[in-house]
Amino acid sequence: MNPPIKPIVTRFPPSPTGYLHIGGARTALFNWLYARKTKGRFVLRIEDTDAARSTSESVDAILESLEWLGIDWDDGPYFQTRRYHIYDEYIEKLIESGHAYYCSCTPDEVDAMREEAKAKGLKPMYNGKCRNLNLKKGPDTVVRLKTPDSGATVVEDIVKGDTAFRNSEIDDFIIRRSDGSAMYNLAVVIDDITMGINTIIRGDDHLINTPKQMLIYSALGADMPIFGHVPMVLGSDKTRLSKRHGAMSVGEYRKMGFLPDAMINYLVRLGWSHGDQEFFDRAELIDVFDLEHLGRSASMFDTDKLMALNSKHIQKKTPEELAGPLLFHLNDLGIEAKNDAFTIGAIQTLQPRSKTLVEMAEGAAFYYKDEVEYDKTAADKFLLPDMLPVLEKSAEMIDTLDPYTHEALETVFKFIIEETGHKFGKIAQPLRVAVTGTTVSPGIFEMLLVLGKEKTIKRIRKAVRFIQDKA
RNA sequence: GGUCCCAUCGUCUAGCGGUCAGGACGCUGGCCUCUCACGCCGGAAACCCGGGUUCGAUUCCCGGUGGGAUCACCA
């Protein structure tokens, strides 16, 4: 008889002390992907026990970023500050069972112990003074876990392998402060136990306190979860990612015009691999993600590669999928655009040449402007008197087109080329400047088509007047 | 400093004893071309060092070096 297979339950536990940053997003992603892949559950828990640094604005920002990334949770968000009574319950159990004890040493006394140990060349630790005093709860007592002083605790880490820590290195750490609130290690373990978390993937900055947490699991007789510690994401100077490395919150990347799918694709490849494959869409990722191919070494965040991936994702999307996000960025440029056929057409012409949505919005701006503004250098170079016949003739001929199609436009310019003797290469740039104001844009025909007959003629005629006025 | 982790092109990585060490980004030569891109073809570019183990090490073991993390009544 096969035992029932337990569903995988993972979690993401950010502390709301700032925005969701790249590293956090990546661990959230790993946990989420693994839960989705195994048809398990993904729990969101807010670790807000640090009253001084936690803010509700941060909570909102983190939730918003997760939603934007499309990382959804099945359970939560739970808030640790609302669970103190649960921690108390377990702390009492620990005291009753002799695994924890009250300690009346003051912070100053403990500092002195550390200094003393350091002076002797030992690791600064609490010396266990109150360990066997059997103290009762007092006004300023903390609760400490009675940790074994011999043997070793080994973390069977699925990414780092077995890692052993001597128990003599671990002192009787505090699990409840003198103000009665639970400490981090205790709260985390109790939460993970009570929420049924059985798979913990987190940054390897947590590897070192994992043995402490394991000691709590043991003292409680609870099942040990599976641990996997993924390496940190570093900045370009190979130090831990921080403000000075430029943008690090996922909100900023959204503003810079990145697609959530590209973000996810990039993040997952930073420390995980699937052979040589670089491009993944969401469904595919869920399908092929695994824990076996998580990397063991730290990696640097590379915006160029993110950019390249973003441009590929932009190309793979349908214009309809891009319209909503693009409108957001057009709006940032002060352009009022609608999700209509005109915008869809504009997107189609810009899709292959935009690395970000910001670029796309900037490139699309000319479509929406009432008046074309000429770039000085472009106008000086291309809006010249010898182009007057070409521009006048094209405006005149386009005016007669019905229907206004790609083929019709081609015919017009084929005629003008023959008539004037100019090569298309000679007239394309002046035309482009007339219509967009700049020398860079989508292909002439597709662009004129999207712009529409009326606007096209109007802009060409404006260029004609511009050249005449200049002369 | 103690403890722990890590080490393949500049960067992200594949590799799981025998490979011309593969891919991607970036860089670069060319093609395509109405601009910019896309796309296509080509190039330069890596196994940190020293010992072992082995017929044979990028791969396994040890040491060194380098980088990172962590040492709270923070999380």
Side-chain angles (χ1 to χ4, degrees), chain A residues 13-17 47-54 80 103 105-107 110-111 114 117-118 121-126 140-144 155 157 159-161 163-166 169-171 173-181 183-185 187-188 203-211 229 231-232 234 236 238-240 266 269-279 293 295-309 311-312 315 350-355 359 363 378 382 413 423-433 436 438-445 447:
Chain A
S15 351
T17 56
E47 306 203 329
D48 56 347
T49 55
D50 185 348
R53 295 194 300 150
S54 298
Q80 288 190 322
C103 165
C105 297
T106 64
V110 177
D111 280 346
R114 292 206 178 90
K118 240 196 282 188
L122 298 173
K123 181 174 180 165
M125 299 198 302
Y126 173 70
D140 285 315
T141 51
V142 299
V143 176
R144 290 180 181 274
V155 181
D157 194 287
V159 354
K160 305 279 188 184
T163 304
F165 295 85
R166 279 182 293 282
E169 293 280 336
I170 303 169
D171 67 358
F173 59 94
I174 296 174
I175 56 178
R176 183 164 68 194
R177 301 181 183 92
S178 53
D179 70 359
S181 62
M183 286 281 286
Y184 170 73
N185 281 127
V188 167
D204 69 6
D205 48 335
H206 286 281
L207 183 55
I208 284 197
N209 53 41
T210 301
H229 290 91
M232 308 269 83
L234 309 176
S236 47
K238 295 204 174 190
T239 61
R240 196 174 173 165
Y266 177 70
R269 279 288 291 115
L270 204 56
W272 175 83
S273 62
H274 185 63
D276 279 344
Q277 189 171 349
E278 300 284 351
F279 185 93
H293 295 85
R296 282 149 297 141
S297 53
S299 42
M300 280 172 34
F301 190 85
D302 178 11
T303 311
D304 281 341
K305 187 141 184 180
L306 203 211
M307 191 80 82
L309 235 21
S311 112
K312 280 213 169 59
Q315 289 187 55
L350 289 156
Q351 241 175 312
R353 62 197 91 234
S354 305
K355 285 194 189 330
E359 250 183 58
F382 294 110
F413 287 101
K423 286 187 175 160
F424 189 67
K426 171 82 176 166
I427 66 177
Q429 283 304 70
L431 211 48
R432 193 182 312 276
V433 176
T436 71
T438 73
T439 56
V440 176
S441 87
I444 297 285
F445 300 126
M447 174 174 77

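Order of the sequence lines fixes the chain letters, A, B, ..., with proteins taken first and strands second; residue numbering starts at 1 for each chain. These figures come from a predicted structure and were not determined experimentally.
In this model, the phosphate group of B:A75 is not approached by any side-chain N or O of A:Ser54 to a distance below 4.0 Å at OP1 or OP2. Phosphate proximity of B:A75 to A:Thr49: present, with a side-chain N or O under 4.0 Å from OP1 or OP2. Under 4.0 angstrom from either OP1 or OP2 of B:C73 there lies no side-chain N or O belonging to A:Ser178. Between B:A7 and A:Arg296, a contact under 4.0 Å exists linking OP1 or OP2 to a side-chain N or O. OP1 or OP2 of B:A14 lies within a sub-4.0 Å distance of a side-chain N or O belonging to A:Ser273.
Using cut-offs of 30° and 60° on the angle between ring planes, the pair A:Phe413 and A:Phe445 is tilted.
Residue A:Asp302 contributes atom CG, which lies 11 Å from atom P of B:U13 at whole-angstrom precision. Rounded to an integer number of Å, the gap from A:Asp157 CG to B:C6 C1' is 13 Å. In this structure, A:Ile174 places its CD1 atom 15 Å from C1' of B:C71, rounding to the nearest Å. The interatomic distance linking A:Phe173 (CZ) with B:C73 (P) rounds to 12 Å, in whole Å. Atom-to-atom, NE2 of A:His274 to P of B:G23 comes out at 18 Å; the value is rounded to the nearest Å. Taking atom NE2 of A:His229 as the reference point, atom P of B:C4 lies 15 Å away to the nearest angstrom. For the pair A:Lys305 NZ and B:C12 C1', the interatomic distance rounds to 4 Å; values are reported in whole Å. To the nearest angstrom, P of B:U3 lies 23 Å from NE2 of A:His206.
Panel note: side chain A:Tyr266, backbone A:Asp302; a donor-acceptor pair is recorded below 3.5 Å. Between the A:Asp157 side chain and the A:His229 main chain, a donor and an acceptor come within less than 3.5 Å of each other. The main-chain N or O of A:His206 is found under 3.5 Å from a side-chain atom of A:Thr210 such that the two form a donor-acceptor pair. Within the 3.5 Å criterion, the main-chain N or O of A:His274 finds no donor-acceptor partner in the side chain of A:Arg269. The backbone N or O of A:Thr17 lies less than 3.5 Å from no partner atom in the side chain of A:Ser15, so there is not a single donor-acceptor pair.
Across all strands shown, A:Phe279 has no heavy atoms under 4.0 Å from either base or sugar-phosphate atoms. Contacts of A:Glu278 with the nucleic acid, taken as non-hydrogen atoms under 4.0 Å apart, include base atoms. Residue contacts shown for A:Asn209 include a base, since a base heavy atom lies under 4.0 Å away. A:Thr439 comes within 4.0 angstrom of a nucleotide base, judged by non-hydrogen atoms across all strands. Residue A:Pro231 is out of contact with every strand shown, counting any heavy-atom pair closer than 4.0 Å. The residue A:Arg144 sits apart from the nucleic acid: no heavy atom pair falls under 4.0 Å. A:Cys103 comes within 4.0 angstrom of nothing in the nucleic acid, heavy atoms only. Residue A:Gly363 is classed as having no contact, given no heavy-atom separation below 4.0 Å to the nucleic acid.
In terms of position along RNA chain B, the nucleotide closest to A:Gly295 lies nearer the 5' end than the nucleotide closest to the other residue of the pair A:Gly295 and A:Tyr184. Sequence order on RNA chain B of the closest nucleotides to A:Arg53 and A:Gly275 puts A:Gly275 first from the 5' end.
Distance check on atom P: B:G63 versus B:A7 gives 16 Å, rounded to whole Å. For the P atoms, the distance linking B:G26 with B:A37 amounts to 12 Å, nearest Å. Taking atom C1' on both B:G10 and B:C16, the two are 26 Å apart, rounded to the nearest angstrom. Taking the C1' atoms as reference points, B:C20 lies 16 Å from B:C9, given to the whole Å. To the nearest whole angstrom, the two P atoms, one in B:U58 and one in B:C49, are 10 Å apart. Between B:U59 and B:U19, the two P atoms lie 13 Å apart (nearest whole Å). Straight-line distance between the C1' atoms of B:A21 and B:A45: roughly 13 Å, to the nearest whole Å. Remark: the separation of the P atoms in B:U8 and B:C40 is 29 Å, to the nearest Å.
Atom CE of A:Met307 is separated from atom CD of A:Glu359 by 7.0 Å, given to the nearest 0.5 angstrom. If you take OG1 on A:Thr141 and CZ on A:Arg176, they are separated by 7.5 Å, rounding to the nearest 0.5 Å. Here the CG atom belonging to A:Asp48 is positioned 6.5 Å from the CD atom belonging to A:Gln80, to the nearest 0.5 angstrom. To the nearest 0.5 angstrom, A:Arg432 atom CZ is 4.0 Å from A:Ile444 atom CD1.
Residues that satisfy the side chain to side chain contact (heavy atoms under 4.5 Å, CB included) test with A:Lys312, not counting sequence neighbours, are A:Phe279.
Across all strands shown, the partner of B:U65 is B:A7, judged by Watson-Crick or G-U wobble contacts whose two distances both fall under 3.5 Å. Pair assignment for B:G26 gives none, since no Watson-Crick or G-U wobble pairing has each distance under 3.5 Å. Pair check for B:U35 finds none; no Watson-Crick or G-U wobble contact set falls under 3.5 Å. Across all strands shown, B:C71 forms a Watson-Crick or G-U wobble pair, both distances under 3.5 Å, with B:G1.
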Atom pairs under 3.5 Å, N or O on each side, protein against nucleotides 38-42 of chain B: can you list them with distances?
| from | atom 1 | to | atom 2 | distance (Å) |
| --- | --- | --- | --- | --- |
| B:C38 | O2' | A:Gln315 | OE1 | 3.3 |

What's touching nucleotides 32-34 of chain B from the protein side, N or O pairs under 3.5 Å?
| from | atom 1 | to | atom 2 | distance (Å) |
| --- | --- | --- | --- | --- |
| B:C34 | O2' | A:Arg432 | NH2 | 3.4 |
| B:C34 | O2 | A:Arg432 | NH2 | 2.4 |
| B:C34 | N3 | A:Ile444 | N | 3.2 |

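A donor N or O paired with an acceptor N or O is not found under 3.5 Å between the base of B:C5 and the side-chain atoms of A:Lys160.
You'll find that the side chain of A:Val110 is closest to B:C73, out of B:U3, B:G23, B:C73. Here B:G2 is the nucleotide among B:G2, B:G15, B:A7 with the atom lying nearest to any side-chain atom of A:Glu169. Of all nucleotides listed (B:A75, B:C25, B:C4), B:A75 comes nearest to the side chain of A:Asp50. With B:A69, B:A75, B:G26 as the candidates, the nucleotide lying closest to the side chain of A:Ala308 is B:G26.
The 12-atom threshold is exceeded at CZ of A:Arg114, counting heavy atoms of other residues, nucleotides or ligands nearer than 6.0 Å.
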(Q) Please evaluate residues A:Phe301 and A:Leu306 with respect to the criterion side chain to side chain contact (heavy atoms under 4.5 Å, CB included), reporting the C-alpha separation (whole Å), side-chain torsions for both, the decisive distance (0.1 Å), and the verdict. (A) CA-CA 9 Å; A:Phe301 190 85; A:Leu306 203 211; 4.1 Å; yes
Q: Mind running side chain to side chain contact (heavy atoms under 4.5 Å, CB included) on A:Leu207 and A:Val155 for me, showing each step along the way?
A: CA-CA 8 Å; A:Leu207 183 55; A:Val155 181; 4.3 Å; yes
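In textbook terms, a nucleotide whose glycosidic angle is within 90° of 0 is syn, while B:C62, being further out, is anti.
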